[in-house]
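For clarity, every value in this text was computed on a predicted model and none was experimentally measured.
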Amino acid sequence: MRRLALLLSIPFWLTGPAAAGSEPEVIRIGSKKFTESVILAEIVTQLLRAQGLAVEHRAELGGTRVLWSALQRGDIDLYPEYSGTLRHEIFAAQPPDVPLRELAAASGVHIGPLLGFRNGYALGMLRPRALLREIARTSDLTLHPDLILGVSNEFLDRADGWPGLKKRYNLPQQPRGLDHDLAYRALAAGQIDIIDLYETDAELRYYDILPLTDDRDYFLDYDALLVVRAGFAAVHPNAGPLLDRLAGTVDQEAMIAMNSAAKVDGRPAGEIAAEFLATTVGIETTRGDSSAWRALWRRTLEHLALVCVSMAAALLIALPLGVTQPIPN
């Protein structure tokens with residue numbers, strides 16, 4: 001009976017803490033539900049994985065609040081963010097003169113490297129029409145009250161959106177609220193003259209749109225950066241120097257080109273990220289989005305381990321009972 005119990009206990013120590021502890025802790029990288037965030041997260045994922053670290057990209061988890069909460073709970077370890085979003089949305093109630101790094105540190109978050117570009121709001125026009133009207137700056141719009149302005153519904157309501165912009169520039173236009181993607185199509189069709197945009201949108205190149213200069217410095221700086229969970233460096237000491245290698249490597253044109261490759265050309269984010277790392281950082285990685293397959297394989301192994309434990313527990317109870325039960329006449 002002792003030999004039987006020892007034999008049946010094997011699945012426990014094969015799938016228990018000793019076996020689990022032999023595997024490195026997985027680094028979990030999150031991204032928001034838009035193309036640029038997914039590409040940046042995939043760049044980080046492939047960079048760390050190429051150096052032998054276990055990494056999982058949890059793509060398109062949601063918006064800013066969802067990712068920030070996940071980071072603070074420890075559900076993810078890091079994700080791409082923007083300084084202006086942190087300042088305006090996460091720390092809106094805090095004094096503006098307190099450094100962002102101090103605010104983040106007080107929330108258990110480390111501000112990682114600046115990636116090298118900014119992706120803030122701007123107003124834009126089709127380049128030929130802007131040149132025809134001699135418009136290059138946002139303040140020039142005050143001289144053209146007949147121009148039709150269409151902006152995203154979010155921009156209409158944001159504190160750093162239309163209400164403050166109209167006041168800062170004394171703009172005479174009355175905007176129409178539109179879906180962001182529809183606004184680009186309406187602009188191209190000549191139904192509207194001006195839209196709000198993000199400075200690294202793929203559509204800028206596709207539609208030949210001129211972002212107007214914010215000559216009264218209304219929009220906050222939206223520098224792209226990485227936010228990292230406190231304690232991450234202690235658990236993954238080799239990851240920090242790798243993340244620092246991305247500092248200043250992504251300029252404005254490079255980000256626009258990567259967004260365009262995804263949204264216009266339909267290329268997968270993993271392929272775009274691998275190409276960027278090879279040409280800019282000098283690191284060859286496996287092309288393609290492999291994080292989902294890795295996660296699936298790990299979940300499969302976890303499931304099999306749980307099944308083995310359950311079967312072993314059942315056998316430990318059922319077999320001895322079966323052996324000791326008297327055989328009925």
Side-chain angles (χ1 to χ4, degrees), residues 26-64 66-68 70-71 75-82 85 112-119 180-181 184 197-207 222-228 239 242-243 245-299:
V26 176
I27 298 173
R28 298 150 302 174
I29 300 172
S31 60
K32 297 184 185 182
K33 279 191 173 183
F34 67 97
T35 302
E36 181 168 294
S37 183
V38 174
I39 293 173
L40 293 174
E42 190 63 27
I43 287 173
V44 177
T45 298
Q46 293 191 28
L47 170 66
L48 298 182
R49 189 178 292 147
Q51 306 306 309
L53 298 175
V55 191
E56 175 186 352
H57 177 192
R58 298 184 176 180
E60 300 185 86
L61 292 179
T64 298
V66 173
L67 272 293
W68 183 259
L71 187 70
D75 294 340
I76 58 175
D77 296 298
L78 66 147
Y79 75 93
E81 190 51 279
Y82 305 89
T85 301
L114 299 178
L115 299 178
F117 72 97
R118 53 169 290 175
N119 187 12
H180 190 61
D181 290 333
Y184 278 108
L197 49 83
Y198 297 110
E199 293 175 309
T200 56
D201 278 349
E203 290 85 353
L204 298 184
R205 179 177 296 178
Y206 184 77
Y207 292 114
Y222 284 80
D223 295 306
L225 47 82
L226 299 177
V227 285
V228 185
L242 294 174
L243 296 178
R245 293 187 63 176
L246 293 177
T249 58
V250 190
D251 62 28
Q252 203 89 351
E253 285 302 313
M255 194 68 248
I256 293 174
M258 287 192 285
N259 285 334
S260 180
K263 295 188 71 174
V264 178
D265 301 333
R267 295 175 59 194
E271 180 181 302
I272 296 168
E275 185 176 277
F276 169 83
L277 288 170
T279 58
T280 306
V281 186
I283 294 178
E284 293 290 341
T285 65
T286 302
R287 294 173 180 264
D289 297 289
S290 58
S291 56
W293 289 106
R294 287 174 180 265
L296 178 61
W297 176 242
R298 190 173 65 257
R299 294 289 186 267

* Verify side chain to side chain contact (heavy atoms under 4.5 Å, CB included) between Leu243 and Leu78, making sure each step is shown before the conclusion. => CA-CA 11 Å; Leu243 296 178; Leu78 66 147; 4.1 Å; yes
State which residues pass side chain to side chain contact (heavy atoms under 4.5 Å, CB included) with [X]; sequence neighbours excluded, sorted by chain then number.
{"X": "Leu114", "answer": "Asp223, Leu225"}
{"X": "Ser260", "answer": "Ala202, Val264"}
{"X": "Ala50", "answer": "Ile283, Thr285"}
{"X": "Ala239", "answer": "Ile27, Leu48, Leu53, Phe232, His236"}

* Can Arg205 and Glu253 be said to form a side chain to side chain contact (heavy atoms under 4.5 Å, CB included), step by step? -> CA-CA 10 Å; Arg205 179 177 296 178; Glu253 285 302 313; 3.2 Å; yes
* To do: If a pair satisfies salt bridge (charged side-chain N to carboxylate O under 4.0 Å, His left out) and one of its residues is in residues 27-38, list it, with sequence neighbours excluded.
  =>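 Found Arg28-Asp77, Lys32-Glu81.
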* Can you tell me how far the CZ atom of Arg58 sits from the OG1 atom of Thr45, to the nearest 0.5 Å? ->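 Interatomic distance, Arg58 CZ to Thr45 OG1, rounded to 0.5 Å: 11.5 Å.
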* Asked: How many angstroms lie between CG in Asp251 and CG in Leu115, if you round to the nearest 0.5 Å?
  ->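 Output value for this atom pair is 11.5 Å.
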Considering non-hydrogen atoms only, spot the tightest contact between [X] and [Y] and give its length.
{"X": "Val38", "Y": "Ala269", "value": "CG1-CB, 3.8 Å"}
{"X": "Pro80", "Y": "Ser37", "value": "CG-O, 3.8 Å"}
{"X": "Asn119", "Y": "Glu199", "value": "OD1-N, 3.0 Å"}
{"X": "Asn259", "Y": "Thr200", "value": "ND2-O, 2.8 Å"}
{"X": "Ala247", "Y": "Pro113", "value": "CB-CB, 3.8 Å"}
{"X": "Asp201", "Y": "Ile256", "value": "O-CG2, 4.0 Å"}

* Name the one of Leu67, Leu71, Ile76 that satisfies side-chain contact (heavy atoms from CB on, under 4.5 Å) with Val227? ->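 When Leu67, Leu71, Ile76 are each tested with Val227, the side-chain contact (heavy atoms from CB on, under 4.5 Å) holds only for Leu71.
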* To do: Mind checking ring-ring contact (aromatic ring centres under 6.0 Å, His included) for Tyr198 and listing every partner two or more places apart, or none if nothing turns up?
  =>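 With neighbours one apart ignored, the set is Tyr121, His180.
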Would the distance check show the side chain of [X] and the main-chain N or O of [Y] forming a donor-acceptor pair, the cut-off being under 3.5 Å?
{"X": "Ser31", "Y": "Glu60", "value": "yes"}
{"X": "Gln252", "Y": "Arg118", "value": "yes"}
{"X": "Arg245", "Y": "Leu47", "value": "no"}
{"X": "Arg49", "Y": "Val55", "value": "yes"}

* Do other residues, nucleotides or ligands put more than 12 heavy atoms under 6.0 Å from Tyr206 OH? ->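 It does not: Tyr206 OH has 12 such atoms or fewer within range.
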* Going by the angle between their ring planes, with limits at 30° and 60°, are Tyr82 and Phe117 parallel, tilted or perpendicular? ->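 Rings of Tyr82 and Phe117: perpendicular, over 60°.
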Flag the pair [X] / [Y] as yes when at least one side-chain heavy-atom distance between them is below 4.5 Å, and no otherwise.
{"X": "Phe276", "Y": "Ile39", "result": "no"}
{"X": "Leu277", "Y": "Ile43", "result": "yes"}
{"X": "Glu275", "Y": "Ile272", "result": "no"}

